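Heads up: the structure comes next, in structure tokens.
So that the names make sense, note that chain A is the first sequence line, chain B the second, and so on, each numbered from 1. The shown structure was predicted, so the numbers you read here are calculated from the model rather than taken from an experiment.
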Amino acid sequence: MLIATWNVNSLKARLPRVQAWLEDVHPDVVLMQETKMTDKAFPALTFKEMGYESAHFGQGQWNGVAILSRLGLDNVRANFVVGEPDGEARIITADCSGVTVVSVYVPNGRALDHEHYQYKLRWLDQLAKHVAAIATPSGNLVVGGDYNIAPADIDVWDTKALEGSTHVSAAERERLEALHDWGLRDVLREQHPEPGIYSWWDYRNGSFHRGWGMRIDLLLATSNIADATMWTAIDRNARKGEQPSDHAPVLMEVST
DNA sequence: ATGGTGGCCCGGCCA
């Protein structure tokens with residue numbers, strides 16, 4: 001089972017690239033973020049013609065998450081399943097051929113002294129509760145998406161440039177650590193301990209070509225899934241060429 | 001590097 005996560009930064013703007021990428025890579029399950037459209041505008045028929053069932057949780061011009069699957073798509077759950085529902089469309093869950101998958105778009109945080117950063121931390125606490133409510137550590141679960149957190153210093157191009165910024169702060173990294181403590185593993189980092197592996201590069205300043213990136217898009221998996229993962233990769237090619245997203249897809253191939 | 005870009009949609013906000 002080939003599982004991917006990709007923040008497409010507007011599915012309307014990115015649909016040609018997304019279609020070409022699906023035809024090229026043929027993932028079985030895709031966790032998508034930042035579709036930036038309503039459910040009505042979501043191109044479910046286009047994906048159906050390509051062999052994918054889909055589920056979308058959108059709100060309009062911002063946020064929006066989706067799951068595509070050509071291995072079945074059942075038990076779709078939009079938003080958090082416990083506690084207060086989030087006011088923004090940032091999380092959707094479904095079951096695909098025996099694996100529960102979650103597509104998450106964690107709030108950016110904007111700045112450490114911004115209210116949005118507190119929202120980010122609360123959101124991550126809610127995510128931990130959501131995960132505990134839908135699965136057990138011994139089950140088959142993948143929680144993938146744009147976490148807007150670089151798990152460790154190795155996941156950023158320059159720690160000095162990011163001092164005092166979101167994405168690297170102790171409080172948000174602790175929230176990620178709580179997910180690890182529960183039983184979710186960062187399989188790509190386990191398989192690739194080397195530095196310089198990023199999934200996002202700012203559009204500005206030629207960041208991609210200068211290697212100024214961060215690894216903030218993650219596929220976290222329970223041990224059943226992590227142990228069965230044959231390979232993982234980040235598809236940097238998807239960040240090149242005409243009208244790319246500022247994020248590259250992250251992939252994991254799970255033996256079934 | 002804190003915008004020189006690129007989304008939203010047409011003046012800024014957001015990432």
Side-chain angles (χ1 to χ4, degrees), chain A residues 5-21 30-43 46 56-66 86-91 103-124 127 144-151 153 155-169 171-173 175-176 195-196 198-218 234 236-250:
Chain A
T5 183
W6 194 9
N7 180 323
V8 298
N9 185 20
S10 170
L11 185 54
K12 184 182 174 187
R14 213 68 57 211
L15 188 57
R17 290 290 303 247
V18 170
Q19 285 184 269
W21 185 81
V30 182
L31 311 176
M32 200 178 286
Q33 300 85 38
E34 279 206 90
T35 58
K36 294 185 176 178
M37 58 175 52
T38 60
D39 291 339
K40 192 175 179 180
F42 184 77
T46 299
H56 181 247
F57 177 35
Q59 67 178 77
Q61 68 203 68
W62 304 114
N63 309 310
V65 284
D86 187 29
E88 302 187 345
R90 295 181 176 274
I91 181 168
S103 177
V104 302
Y105 176 45
V106 177
N108 175 287
R110 297 179 194 171
L112 297 188
D113 60 356
H114 199 291
E115 189 280 328
H116 201 256
Y117 178 71
Q118 297 304 320
Y119 169 53
K120 182 180 196 175
L121 299 181
R122 291 196 305 273
W123 201 94
L124 289 163
L127 176 60
D146 178 0
Y147 280 77
N148 271 315
I149 302 170
D153 286 350
D155 297 305
V156 303
W157 85 101
D158 185 352
T159 53
K160 280 266 188 276
L162 287 161
E163 273 178 6
S165 300
T166 58
H167 297 68
V168 297
S169 75
E172 51 199 298
R173 283 176 169 173
R175 265 69 176 185
L176 206 49
Y198 308 129
S199 66
W200 172 85
W201 299 261
D202 202 314
Y203 283 124
R204 297 164 291 189
N205 300 311
S207 291
F208 181 68
H209 296 288
R210 297 161 98 157
W212 294 351
M214 292 198 277
R215 191 176 69 94
I216 57 176
D217 299 271
L218 311 173
I234 296 181
R236 291 181 80 260
N237 284 330
R239 183 64 176 77
K240 302 175 182 174
E242 294 293 311
Q243 294 183 292
S245 170
D246 46 353
H247 296 253
V250 184

| said: For A:His116 and A:Tyr119, I'd like to know if the aromatic rings sit close, meaning centre-to-centre distance below 6.0 Å. | reply: yes
| Quick one: are A:Val65 and A:Met32 in side-chain contact, heavy atoms under 4.5 Å? | no
Atom [atom1] of [X] and atom [atom2] of [N]: how far apart are they, to the nearest Å?
X: A:Gln61; N: B:dC13; atom1: CD; atom2: P; value: 14 Å
X: A:His209; N: B:dG4; atom1: NE2; atom2: C1'; value: 14 Å
X: A:Lys36; N: B:dA15; atom1: NZ; atom2: P; value: 9 Å
X: A:Asn7; N: B:dC14; atom1: CG; atom2: C1'; value: 13 Å
X: A:Tyr105; N: B:dA15; atom1: OH; atom2: P; value: 5 Å

[N] and [M]: how far apart are their [atom1] atoms, nearest whole angstrom?
N: B:dG7; M: B:dT2; atom1: P; result: 23 Å
N: B:dC8; M: B:dG3; atom1: P; result: 22 Å
N: B:dC9; M: B:dG4; atom1: P; result: 22 Å
N: B:dA1; M: B:dC13; atom1: P; result: 26 Å

| Is there a donor and acceptor pair, one atom on the side chain of A:Asn205 and one on the base of B:dG3, closer than 3.5 Å? | yes
| task | For the side chain of A:Ala161, starting at C-beta, report the closest nucleotide among B:dG7, B:dA15, B:dA1. | result | B:dA1
| note | Among B:dC8, B:dA15, B:dA1, the one nearest any side-chain atom of A:Asn108 is B:dA15
| Roughly how far, to the nearest 0.5 Å, is OH of A:Tyr198 from CZ of A:Arg215? | 11.0 Å
| remark: DNA chain B nearest-nucleotide lookup for A:Arg204 and A:Ala13: closer to the 5′ end is A:Arg204
| Working for side-chain hydrogen bond (donor to acceptor under 3.5 Å, both in side chains), residues A:Ser103 and A:Gln33 | CA-CA 7 Å; A:Ser103 177; A:Gln33 300 85 38; 3.1 Å; yes
| request: Considering just the side-chain nitrogens and oxygens of A:Arg110, establish if one lies under 4.0 Å of OP1 or OP2 belonging to B:dC14. | output: yes
| request: Check ring-ring contact (aromatic ring centres under 6.0 Å, His included) between A:Trp62 and all other residues, then give those that pass, not counting sequence neighbours. | output: none
